[in-house]
Amino acid sequence: MKKIYYILSTLMLSAAMVSCEDELDIPQHGVLNYETYYNTDEEAETGANAIYLQARGMGMNYILGKNMLTDDFWAGGGGRADNADLEQLNEFTFGTDQNYLQGMFEGYYQIVYKANVVIGHVEPSTDVKRRCIAEAKVFRAWAYFELITMWGNPPLVDHELLPSEYSRPNGETAELWNLVVTDLNEAIESGCLPQKSGVDDNTTWRMTKQFAQALLGKAYLWQGKNAEAAQMFDAVVNSKLYALYDGAYEDILSYNTKHNCESICEFNRVKDDNNPYDNFDMLYVMLGWRTDCMTISDPTVHPSNGWGFVVPQKRLYDAFVSEEGVDGYRLNNTLKTYDQIKMMGVSIQPGKTIINEGYFSWKLRYEPDAFGDFVGMIHHQNLRIMRYAEVLLCGAEAHLAAGNQSKADEYINAIRTRAQLSPKSGVTLADIQTEKRLELCAEGCRFQDLLRWGIAYEQLKDQGAYCPLLDSNGNVENRVYNKDQSKFGFKQGKHERLPYPGAEILLNSSIKQNPGW
């Protein structure tokens, strides 16, 4: 009977559609009309804010993925193969189907797409609209900086694509850099990017002129244009709007010090008890210590849920000790040894082991204050992209390469003074490389630095040779899982550029895969 009613209803509807066809020529609801939507300031801001939300969601790929590609961390987790994707990245056994790399690649292009929407549809008729366009250009430049420095020659997409344009070939690297430089210069020169009111202003969260200048400095530095790079970093320093954080070093990236005086760029997570699931994100559960294998007597030290990924390597600890000793102020506010966390009331349960060499991240600790509902898979921590220390370190490198030794010394020694280390004179590139590794560890810089400095092979060729297991007594067993040297570790002629995701190649046959893949 239901079938008969359905057929009759369909026939009646068809008859009505034939008789009323002209009356059904009405606008489609729920679909934006780009010809009219961005007419108001509020609508323009909606478009710009969509880019911020896209960037905020990059944390899992940006922090976990990029740190796995360095010599500073193990994949970690509850045991071997707990997260095969992270292990693949960490041991350089990944292929073109790597999930984190695909997520990064797609995420950056989603930022590019959303930026192109704003740039292409917002008319620069008001101050708010001009600011939204400038922000979109900074975002597009940031996304392409990341794409160029890791993939080399990704497709250039500087406008919304028509269906006939979807198959974009690889871009020319020089042309891609030109887009980055042009976008940033236009954004800076627009006069529309926000600036802080003073060094202690913690309310300015949008893309600022100084972040654009710092990013432009990095773009010049990566191209070997050192004098131009130095000029940009100096502009940020001379603005006097930023300073090295002078509170406890362990709190630089703390939940409770969001947008502090050192923050150049960070993406907000607002704690809203009425809408907590807006902050659903597993990043800090992943970064937290492996708590199911631990006894934690003091709940203020660490939340009860952590999965133990992104584990510091002994090589990182040794690099700290070599520069500042076992009692180093910066070291002990960045990493903790197993003996140190035991003194805090945290220990591995008897009979359990975790992937670890006896060192635990403190800088990226999961703070109870940032812990949300849903067993910690909601967190309220901001995604930090750049801080003032990076400006000084990149500025030191640019000045050194440009022949200004005194300025290089000045910038490095500002970092060293805050780290409670004695100043150096006549700093070298090796000194800068060491300072940058220690100061910015876990902040998503090192892999691109290793590639740029040409030392990635030497530092990463043995990644994956073994996996360490730590027991409750502090003993470490180096367990060998990979026995064929040809199948793990950084390979010259291949890993200097990441592979384009296989799914992208299938969808776009115009992309030429990078060498070695």
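On a predicted model such as this, the values are computed, not experimentally measured, just so you know.
- Shown here for S347 and K342, the closest heavy-atom pair between the two residues is CB-CG, 4.2 Å.
- Aromatic pair W289/Y366: centroids not less than 6.0 angstrom apart.
- Without hydrogens or angle criteria, N332 side chain to V326 main chain gives a donor-acceptor distance under 3.5 Å.
- Using a 4.5 Å cut-off on side-chain heavy atoms (C-beta onward), C441 and L316 make contact.
- If you take CZ on F360 and CZ on R290, they are separated by 12.5 Å, rounding to the nearest 0.5 Å.
- Here CG of L215 is found 11.5 Å from OH of Y220. Values are rounded to the nearest 0.5 Å.
- The environment of NZ in K491 is crowded: more than 12 heavy-atom neighbours from other residues, nucleotides or ligands sit within 6.0 Å.
- A donor-acceptor pair under 3.5 Å is absent between the side-chain atoms of K336 and the main chain of N333, judged by distance alone.
- For the pair R418 and Y249, the cation-pi test (distance below 6.0 Å, angle within 45°) is failed.
- Partners of E250 according to the salt bridge (charged side-chain N to carboxylate O under 4.0 Å, His left out) rule, which considers only residues two or more places apart in sequence or in another chain, do not exist here.
- For H302 and W362, the ring centers are positioned 6.0 Å apart or more.
- Residue pairs meeting the salt bridge (Lys or Arg N to Asp or Glu O under 4.0 Å) criterion with at least one member in residues 387-397, sequence neighbours excluded: K218-E390, E262-R387, R387-E439, R387-E443, E397-R452.
- Side-chain contact between V180 and I148: present, with at least one pair of heavy atoms (C-beta onward) separated by less than 4.5 Å.
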Could you walk me through whether Y108 and N61 pass the side chain to side chain donor-acceptor pair (under 3.5 Å) check?
-> CA-CA 11 Å; Y108 291 130; N61 293 320; over 6 Å; no

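- Between the N67 side chain and the I63 main chain, a donor and an acceptor come within less than 3.5 Å of each other.
- Between atom CG of residue L64 and atom CG of residue D85 there is a gap of 10.5 Å, rounded to the nearest 0.5 Å.
- The side-chain hydrogen bond (donor to acceptor under 3.5 Å, both in side chains) check on R315 picks up Q313, Q463, with sequence neighbours excluded.
- Checked by atom type and distance alone, the side chain of E91 never pairs as donor or acceptor with a backbone atom of N482 at under 3.5 Å.
- Separation of atoms OH (Y388) and CG (N260) is listed at 13.5 Å; rounding is to 0.5 Å.
- Within the 3.5 Å criterion, the main-chain N or O of D251 finds a donor-acceptor partner in the side chain of T257.
- Between the side chain of T334 and the main chain of R330, a donor-acceptor pair closer than 3.5 Å is present.
- For Y284 and H380, the distance between ring centers is not under 6.0 angstrom.
- Within the 4.5 Å cutoff, the side chain of M286 has heavy atoms near those of the L86 side chain.
- Residue pairs meeting the salt bridge (Lys or Arg N to Asp or Glu O under 4.0 Å) criterion with at least one member in residues 459-472, sequence neighbours excluded, are E458-K461.
- Atom SG of C261 and atom NZ of K196 lie 6.5 Å apart (nearest 0.5 Å).
- Of the charged side-chain nitrogens involved, none lies within less than 4.0 Å of a carboxylate oxygen, so that R80 and D82 do not count as a salt-bridged pair.
- Scored by the ring pair (Phe, Tyr, Trp, His ring centres under 6.0 Å) test, W307 finds no partners at all (sequence neighbours excluded).
- The two residues T204 and P194 make their nearest non-hydrogen contact at CG2-CB, 4.2 Å.
- The neighbour count for M343 CE, taken as heavy atoms of other residues, nucleotides or ligands under 6.0 Å away, does not exceed 12.
- Salt bridge E357/R479: absent, no basic N to carboxylate O contact under 4.0 Å.
- For the salt bridge (charged side-chain N to carboxylate O under 4.0 Å, His left out) test, no residue two or more places apart in sequence or in another chain qualifies with K114.
- Scanning both residues, W151 and N514, for their nearest heavy atoms gives O-ND2, 3.0 Å.
- Between T291 and G306 the shortest heavy-atom distance is OG1-N, 2.8 Å.
- Side chain of N356 to main chain of P468: no donor-acceptor pair is present (N/O by atom type, distance under 3.5 Å, no hydrogens or angles).
- Nearest heavy atom pair, residue T149 against residue L451, reads O-CD1, 3.8 Å.
- Here ring pair (Phe, Tyr, Trp, His ring centres under 6.0 Å) pairs that include residues 42-86, with residues two or more places apart or in two chains, are Y52-F139, Y52-W205, W74-Y466.
- Two rings, from F105 and Y109, have their centers less than 6.0 Å apart.
- For the residue pair G76 and I355, the shortest heavy atom distance occurs at O-CD1, 3.5 Å.
- The closest side-chain heavy-atom distance from K487 to F92 is not below 4.5 Å.
- Not a single donor-acceptor pair under 3.5 Å links the side chain of Q349 to the backbone N or O of K352.
- A donor-acceptor distance shorter than 3.5 angstrom exists from the side chain of Y144 to the backbone of V157, with no hydrogens or angles considered.
- Looking only at side-chain heavy atoms (C-beta outward), T337 and Y317 come within less than 4.5 Å of each other.
- Residues meeting the salt bridge (charged side-chain N to carboxylate O under 4.0 Å, His left out) test with R416, sequence neighbours left out: E323, E435.
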Verdict with supporting geometry, F447 and H495, ring pair (Phe, Tyr, Trp, His ring centres under 6.0 Å) | CA-CA 11 Å; F447 178 60; H495 290 114; 9.0 Å; no

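- The shortest distance between side-chain heavy atoms of L470 and T353 does not fall below 4.5 Å.
- Counting heavy atoms from C-beta on, the side chains of L287 and L283 come closer than 4.5 Å.
- Counting only heavy atoms from C-beta outward, the side chains of Y500 and P154 approach each other to under 4.5 Å.
- Under 4.0 Å is where a charged nitrogen must lie from a carboxylate oxygen, and between D449 and R437 no such pair does.
- Taking 4.0 Å as the cut-off between side-chain N and carboxylate O, D281 and R269 count as a salt-bridged pair.
- With sequence neighbours left out, the side-chain hydrogen bond (donor to acceptor under 3.5 Å, both in side chains) criterion links D97 to no other residue.
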Stepwise side chain to side chain donor-acceptor pair (under 3.5 Å) test for N268 and H259 | CA-CA 9 Å; N268 281 349; H259 296 289; 2.6 Å; yes

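- The distance from the CZ atom of F267 to the CZ atom of R56 is 11.0 Å, given to the nearest 0.5 Å.
- Under the 3.5 Å distance criterion, the side-chain polar atoms of E496 are matched with a main-chain donor or acceptor of K494.
- Shown here are the salt bridge (charged side-chain N to carboxylate O under 4.0 Å, His left out) partners of R384, two or more places apart in sequence or in another chain: E266.
- Considering only residues two or more places apart in sequence or on other chains, D298 meets the side-chain hydrogen bond (donor to acceptor under 3.5 Å, both in side chains) condition with T300.
- Counting only residues at least two apart or in different chains, salt bridge (Lys or Arg N to Asp or Glu O under 4.0 Å) contacts with residues 139-155 comprise K66-E146, R140-D183.
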